[in-house]
Amino acid sequence: MLDWSTLETWLTRIKTAALTALDTETTSLDPFAARLVGLSLATAPGQACYIPLGHAGPDTPAQLPLEAVLARLKPWLESDRHLKVGQNLKYDQHVFANHGIALAGIAHDTLLQSYVLESDKGHDLDQLASRHLGLATLAYADLCGKGAKQIGFEQVPVPLAAAYAAEDADISLRLHQTLFPRIEAEPGLARVYRDIEMPTREVLFKMERAGILIDADLLAQQSHELGQKILDLEQRAFALAGQPFNLGSPKQLAEILFAKLGLPVKKKTPGGAPSTDEEVLTELALDYPLPKLLLEHRSLAKLKSTYTDKLPRMINPATGRVHTHFSQATAVTGRLASSEPNLQNIPVRTEAGRRIRAAFVAPAGCSIVSADYSQVELRIMAHLSGDARLLEAFARGEDVHRATAAEIFGVAPEAVGPEQRRVAKTINFGLIYGMSAFGLARNLGLERSAAQTYIDRYFARYPGVARYMETIRAQAHRQGYVETVFGRRLMLPDIKSRNVGRRQGAERAAINAPMQGTAADLIKLAMVAVQNWLSAAQLKSRIVLQVHDELVLEVPDAELMQVRQQLPDLMAGVARLAVPLVVEVGAGPNWEAAH
DNA sequence: TAAGTCACG
DNA sequence: ACGTACGTGACTTAT
């Protein structure tokens, strides 16, 4: 579309359409760098258009001016009465935001429809078109190429771009017409889509937009210190090895450890090579000096390369903040995933790691507030299993690992020792993961028979949990899927596999998914409730991160008291389970101090 | 691009 | 007899 009269025709069309499919073409896949190259609309199958706005290749025809077109479309784009559908509209929402337009009226998203229906399958538009519509589409790589030779979309000739872009809008509309009725036909899925995923989509957009402030100077200082320590460890490792080698190469390291120094091989990698992972080095460190240095080196090198060196480079120069991408359709269990950078795996377990967390800071006049669900997956296990003893422990507010230890070891809770509590904690985690006696034995460093004895004692004391594990296995086999408390579904195609390993893997996933998935549902509901509260109360506090059972907010001083007080109740109140939900909250000048 | 390793819940 | 705790993302090396 290259003329105003056609645009006016389409404007009339989209103003009267019940639902319009919308898609943007841009200069970049990075939503913060992307500028509009064109946009496409579809109001009925086979009725779509493409408006080129920023093509710059040779032979580009005269295009309508970008700013004028956006100004004309702005009232429609920003209207919540004019309903839109698209594929991953969070991305398009960022693109429009880059041009000063607040996209509204997002009624549906085919990415999330696909995710709710089939979280275990791919969700690319191309895959969806092929799977659900039996259509082969033009692929992005066909237009732009890939790898080093890839060109920007603005270089794609307009006629080709128009065919591709208009097709995408058309496909998205057709997908909606196919997928949404399938969701509506299942009350559980409809609820997850309507009450959890669609509202969460909007919260995630705001979180990505907000970003988080990091102290780059502090991280640079840590990088320098880590660099010194790494160099020192390297020299000492060379001395012990009798030669220099690349400590970052598992292959070279294995050569030194097992061939040259003759240390015993403890286990093999899946590829058959002798493993040098943390578990192996920890065991070898009991008898030899070099593995201890290697462990220290590995841990510091990881912190430096992945965090202290990398995070400052991820600061967006325009905002001065780090903007992660939250993927809403990646994790099959319903969890979010964070990438570029991943802010859901910032170190916390070691002292050196926690210093990195201290570099996630609040701006002047604000605090970081962190609120996390306590023992949420175990509470969900209590709810799902209905086990009387476990429910009772949570109802009384007991230390659940201590209570478990008391049951397994047959002692009073006060008499439980630290080692007994540690064993009980490992068992509780194992239950959530669908453990075997072998897995528990390996984790606790025990004989398999000893681990089996613990498991037997656990199930004798918590028969409801034992019953639940069997029930969920049977259900997975019967239905081919399992569900969360809120109706999210995880398909388990491998549950019928003749391959024993795959089948058992699916059984473990069947045990884990309802717990991990229900926890994911709960915190998504919490994100929506918290954002609704902040918006309604016109507070300036912002949700900045979600880490599976934790929400991190940036809170102005004037709102700190109020947020600290209300946030835990709001999060704990999103659902009534058979056990209380408990939320712990903290505040401070940085993320580490807020814990 | 794959393999190995390791950061998180 | 078999392989062995759930779910992620990113870095480095080696091919």
Between [atom2] on [N] and [atom1] on [X], what's the gap in Å once rounded to a whole number?
X	N	atom1	atom2	value
A:Leu303	C:dG9	CG	P	20 Å
A:Arg503	C:dC2	CZ	P	15 Å
A:Arg355	B:dA7	CZ	P	16 Å
A:Ile380	B:dG9	CD1	P	16 Å
A:Glu340	C:dA10	CD	P	6 Å
A:Ile455	C:dA5	CD1	P	12 Å
A:Arg508	C:dG7	CZ	P	9 Å
A:Leu431	C:dA5	CG	P	15 Å

message = Please compare A:Arg335 and A:Ser339 by the position of their nearest nucleotide in DNA chain C and report the one closer to 5'.
response =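 Its nearest nucleotide lies further toward 5', so the answer is A:Arg335.
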So if I take every side-chain heavy atom of [X] and compare against [options], which nucleotide ends up nearest?
X	options	answer
A:Pro347	B:dT5, C:dC6, B:dA7	B:dA7
A:Val500	C:dC2, C:dG7, B:dT5	C:dC2
A:Pro270	C:dA5, B:dC6, B:dG4	B:dG4
A:Ala509	B:dT5, C:dG9, C:dG7	C:dG7
A:Arg442	B:dG4, C:dG9, C:dA5	C:dA5
A:Arg448	B:dG4, C:dT4, C:dA5	C:dT4
A:Lys251	C:dT8, C:dA5, C:dT15	C:dT15

Taking any heavy-atom pair under 4.0 Å as a contact, classify [X]: base, sugar-phosphate, or nothing.
X	answer
A:Glu550	nothing
A:Val547	sugar-phosphate
A:Ser119	nothing
A:Asn345	base
A:Asn443	base
A:Ser305	sugar-phosphate
A:Gln516	base
A:Gly271	sugar-phosphate
A:Arg349	base
A:Gln252	sugar-phosphate

Classify the side-chain pair [X]/[Y] by whether it contains a donor and acceptor separated by less than 3.5 Å.
X	Y	value
A:His325	A:Glu208	no
A:Thr333	A:Gln516	yes
A:His323	A:Arg209	no

What about [X]: does its side chain form a donor-acceptor pair under 3.5 Å with the base of [N]?
X	N	value
A:Arg298	C:dT12	no
A:Ser249	C:dT13	no
A:Lys302	C:dC11	no

ask   = Considering every strand shown, what is the Watson-Crick or G-U wobble mate of C:dA1 when both distances are under 3.5 Å?
value =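 Its partner: none found.
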Taking the [atom1] atom of each, how far is [N] from [M], in whole Å?
N	M	atom1	answer
C:dA1	B:dC6	C1'	32 Å
C:dA5	B:dT5	P	16 Å
B:dA3	C:dT4	P	15 Å

query = What about A:Phe459 and A:Tyr468, are their ring centers closer than 6.0 Å?
reply =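 No, the ring centres sit 6.0 Å or more apart.
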Quick one: is [X] getting a side-chain N or O under 4.0 Å of the [N] phosphate, OP1 or OP2?
X	N	result
A:Thr306	C:dG9	no
A:Thr333	C:dT8	no
A:Asn512	C:dA5	no

message = On a heavy-atom basis, which atom in A:Ala451 and which in A:Leu440 lie closest, and how many Å separate them?
response =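 Looking at all heavy atoms of both residues, the closest pair is O-CD2, 3.8 Å.
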ask   = Hey, what's the ring geometry for A:His123 with A:Tyr115, parallel, tilted or perpendicular (30° and 60° as the breaks)?
value =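 Aromatic pair A:His123/A:Tyr115 classed perpendicular.
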inquiry  = Exactly one of A:Lys267, A:Gln252, A:Arg298, A:Lys266 should register a side chain to side chain donor-acceptor pair (under 3.5 Å) with A:Thr276. Which one does?
reply    =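 Testing A:Thr276 for a side chain to side chain donor-acceptor pair (under 3.5 Å) against A:Lys267, A:Gln252, A:Arg298, A:Lys266 leaves exactly one candidate, A:Arg298.
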request  = Indicate yes or no: does A:Glu419 engage A:Arg422 in a salt bridge with an N to O separation below 4.0 Å.
outcome  =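 The answer is yes: the pair qualifies as a salt bridge.
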